[in-house]
Each structure stands twice: as C-alpha cells, then as structure tokens.
There are 2 protein chains.
Amino acid sequence: MGRGKIEIKKIENNTNRQVTFCKRRNGLFKKAYELSLLCDAEVACIVFSTRGRVYEFANNHMKSTIDKYKMATSNAPNTNSVQEINAQFYQQESKKLRQQIQMRQSTNRHLMGDGLDSLNVKELKQLETRLEKAISRVRSKKHDMILAETESLQKREIELEHYNVFLRSKITENERVQQHAVDAAGQQYNAIEEYLARSALQLNIMGSLEDTPSAYSLPINKSLHLG
Amino acid sequence: MGRGKIEIKKIENNTNRQVTFCKRRNGLFKKAYELSLLCDAEVACIVFSTRGRVYEFANNHMKSTIDKYKMATSNAPNTNSVQEINAQFYQQESKKLRQQIQMRQSTNRHLMGDGLDSLNVKELKQLETRLEKAISRVRSKKHDMILAETESLQKREIELEHYNVFLRSKITENERVQQHAVDAAGQQYNAIEEYLARSALQLNIMGSLEDTPSAYSLPINKSLHLG
DNA sequence: GGGCCTATCTATAAATG
DNA sequence: TCATTTATAGATAGGCC
C-alpha cells in the first residue's frame, strides 16, 4: 500500500524513517483500537522511537493490562516484584530494629534509675552491681584524666618557674649591661662633650641598647611551646 | 478493507468475532513487527481475548520493554508502585532506626562504664552524676522493697507468735479437758465398774473426747489466711 | 534558523469481510 | 478466495522548542 512496494528493512533516510514511524505508529494504534472494540479484547501497545521517546496505546489502563499480563505469564512465584520483596524485607527489618530499640531503651532506663517497678530485688541488686562497676570505671577514668591533667599542669608550672628564673637572670643581666652602657655613655659624653657640644651621637647609642633584648626572645618562645 | 465496509463496534456474532480476532490480531502483530524493523523502534503488544487468553508481540524481550516503559513513565511520582513506595519508606525507616540504635548503644556503653575514651572530663563528670543518681534510685528502690519485705516478715512473725500463743493455750486447755475427762472417766469407771464390770461405756466416752479438738481447728485456719 | 515531530495529499499496496 | 476497503509510501508543509 502506498505509491510503491517497499522492502521491510530499516529505512536509512532519517527523515523518511521519522515520517514513516509517525504514520505507521498511528496506524498500529488505530488497528489496536479497532481490534479491542470489534473483538472485545484487551489490547496494549508500547512503542519506543529510536531516540527513546515512548508512545502507548491501551484500551484499558496500561498498568492494569501489564499487571494482568504478568499474572498470566508467571505461574512461577517470581510474580513478586523486586520492590515488593524489598518492601517485605525492610518492613521486617524495621520491626526487628524497633524491638531492639525497645530493649535497649528499657535497659537504658534501668541504668538511668527509671522504670524500676518491673524489677524484683534480685534484679535490682544486679543492676546496682552493674552501676557500681560503671561508676567505678567512670571515676577511675576521670581520676586518670584529672591526674594526667594535673601532671601536665605541674610540668607546666615547673617550666614556667624555670622560665621565670631565666627571665629574672636576663633582667639582672640587662640592668647590668644597661648600667655599663649608661656608665660608658656618661664617660663618652663627658669626653666628647668638650669637642662636639651640639652632636646627636648619644641618641644612636640609646637606640642600640633598646635592640639588645630581642636577641633573647626567640629561645624564650620556643621553651613556651614545649610546655 | 474487505468485501464491505464495517462499523467499528463489537461484532455480536461469536464465530465472526472469533475469526476477525484471529485475523486482526495477526495483522496487528505484523504491523508491529514492520514498524519495529522499518523504523528501528522497540515495539511490544499485549492482547487478551474475551476468554482471557493472552497473545503478545515484542521485537525485544517483553519484560525489558515493560521495565523500560515503567522507567520512562515514572517521572511522575504516582507511577511508583505501592510496593516501591513501601520499600523506600521502610528502607529509610531502617536507616533511622539503625542510627537510633547506634546512639542508644553508645549511651548504654557509657552507662555501663565502657567506651569512655571518647569522653572528656566534663562529660565524665556528667556521666558520673547520672550514674550516682541512678544508683541512688536503685538503692532507694531496693531499700524500699527490702523494707517492705521486712515489714511483711515482721507482720508474719507477729502473727505466727500470736498463733503460737493461741496454740499453746489450746494445748493447755486440751490437756486440762483431757485431764478432766480422764479424771471423770476414772471417776465414772470407778463408780460404774462396780455395777457394770463387762460394760463398753468407757469406749464411747473416749470417742467423744477425740472429737472435741476439731471444734477449734476452724478459727485457727482462718487466722492463718489473714496473715 | 534547524532539528524533530506531525498533518495533508494522492496513488497504490495490503488487509480483510 | 478475492473484491473492496484501508493503510500507507512519497512528497511536502506546518508547528514547536
């Protein structure tokens, strides 16, 4: 049917193929519709184009027809979909997990000293023993940590004391050096004063004295970081 | 196409409908095949006859085409099957529950005095406080229960002592009654002996003495039940 | 504009009553 | 089977993103 006879093989011309696809698809769906109506049949067609677009016909709902098809073709128990199996699995999992939580919650409450009414004296004694054990561990751990912290603080204290001693010795030395410089300056001043009454030399000497302490600051900082 | 034009409506004649169904079904599948080949398309058709028999065409595998169709049409969220939604729901639920368990487990371990390395001194102090609180509650509860038990035992002790006193008084009375009886019997014996040397009268008197204590057993049992 | 899809027209092949 | 209806090849134009 058509202007000429065609061979049933893939149409290479893109445009032609596209047009034929559109026409024949409509033709197919029309035939499907007629079949369903004339013969009181349930018909469903699914068509994917080359580019993956989907077209469909179903005189009934596609989903129900597919389900019916699956029912009809699978007497085997694989009718259950992967999703259904998943749902069942996770549903059971949730149930178990909830039970676990219930148990843990109960234990937890007992360990927190709540909900004790359901326990008898023997169970209360066991719980007490457990809590004593726990508290002793916690205390031991706390003790260790505080001890470690104390030790660390003591170490730091000793370091700081050493540093203190060092600083004091530096100050003493500085004062000594400063005294020397002042003395020397005084002597120089007296000597030079007679020759250069308007000179600013004394200022330069004061500047060099101020720089001197910074030579010690580096080792001092290092010692602090170790502490 | 045929000897005459037909209206597209259900063919009422059973045989005609059957024949047309067969012909048009084959025609549909042929068209589907040609479409798939000519246009390089993926085509699937499902046909159910009135009597529920299934016929199908698929140039590819029917299952994969259906899956692909479901994938393609499930951009809309309502396409997800109930099972799929369930699966997702329970999957998330399980995940959450597992996290909860993880947390509770951690808390639990801490309350049991395990896994303390991750805690700092402050947290350890809090934990200690919690445990102290818990243990004091447990001890209080235990104390209450032991106290209640002790009270109950003391009550029972008192009851038993009372019962004891009662029993002793009964025994004393019994002995007295018995003595009287024996005395009476002795006196009677002596008196009657002289008149009826072969009489069995003394045996009847002994029997009435044996029945006497049972009159007291009822109130005794009642007192026990109250205790 | 350009790619992609569909509609229309007509002669003819194909389906089918 | 086969006369006749129907589908559709081929060409082209229109609509949409």
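Chain A is the first sequence line, chain B the second, and so forth, proteins listed ahead of strands; every chain is numbered from 1.
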Kindly point out which of [options] is positioned nearest to the side chain of [X]?
X: A:Lys23; options: D:dA9, D:dT8, C:dC5; value: D:dA9
X: A:Asn26; options: D:dA9, D:dT6, C:dA7; value: C:dA7
X: A:Gln18; options: C:dG17, C:dT6, D:dA7; value: C:dT6
X: B:Thr20; options: C:dA15, C:dG17, D:dG10; value: C:dG17
X: A:Arg24; options: C:dC5, D:dA9, C:dA15; value: D:dA9

Between atom [atom1] in [X] and atom [atom2] in [N], what is the gap in whole Å?
X: A:Asn14; N: C:dT6; atom1: CG; atom2: C1'; result: 16 Å
X: B:Tyr33; N: C:dA14; atom1: OH; atom2: P; result: 14 Å
X: B:Lys31; N: C:dT16; atom1: NZ; atom2: P; result: 8 Å
X: B:Leu35; N: D:dT8; atom1: CG; atom2: P; result: 9 Å
X: A:Ile8; N: C:dA15; atom1: CD1; atom2: C1'; result: 13 Å
X: A:Arg17; N: C:dC4; atom1: CZ; atom2: P; result: 10 Å
X: A:Glu34; N: D:dT5; atom1: CD; atom2: P; result: 15 Å
X: B:Phe29; N: C:dA15; atom1: CZ; atom2: P; result: 15 Å

[X] side chain near [Y] side chain, heavy-atom distance below 4.5 Å:
X: A:His162; Y: A:Val165; answer: no
X: B:Met62; Y: B:Ile46; answer: yes
X: A:Lys96; Y: A:Glu93; answer: no
X: B:Ile6; Y: A:Leu38; answer: yes
X: B:Ile11; Y: B:Phe21; answer: no

Reference residue B:Arg17; test side chain to side chain donor-acceptor pair (under 3.5 Å); the match among B:Asn14, B:Asn13, B:Thr15, B:Thr20 = B:Asn14
request  = Name the nucleic acid region contacted by A:Ser49, choosing base, sugar-phosphate or nothing; use a 4.0 angstrom heavy-atom cut-off, strictly under.
outcome  =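 Answer is nothing: A:Ser49 stays at 4.0 Å or more from every strand.
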query = A:Arg25 near the nucleic acid: base, sugar-phosphate alone, or nothing, with a heavy-atom cut-off under 4.0 Å?
reply = sugar-phosphate
query = Hey, is OH on B:Tyr33 packed in by over 12 heavy atoms from elsewhere, all under 6.0 Å?
reply = no
query = Which sits closer to the 5' end of DNA chain D, B:Leu38 or B:Ile6, going by the nucleotide each is nearest to?
reply = B:Ile6
Under 3.5 Å between N/O atoms: give me all the protein pairs with nucleotides 12-17 of chain D, atom names plus distance.
none

query = Starting at the 5' end of DNA chain C, which residue's closest nucleotide do you reach first, A:Phe21 or A:Lys5?
reply = A:Phe21
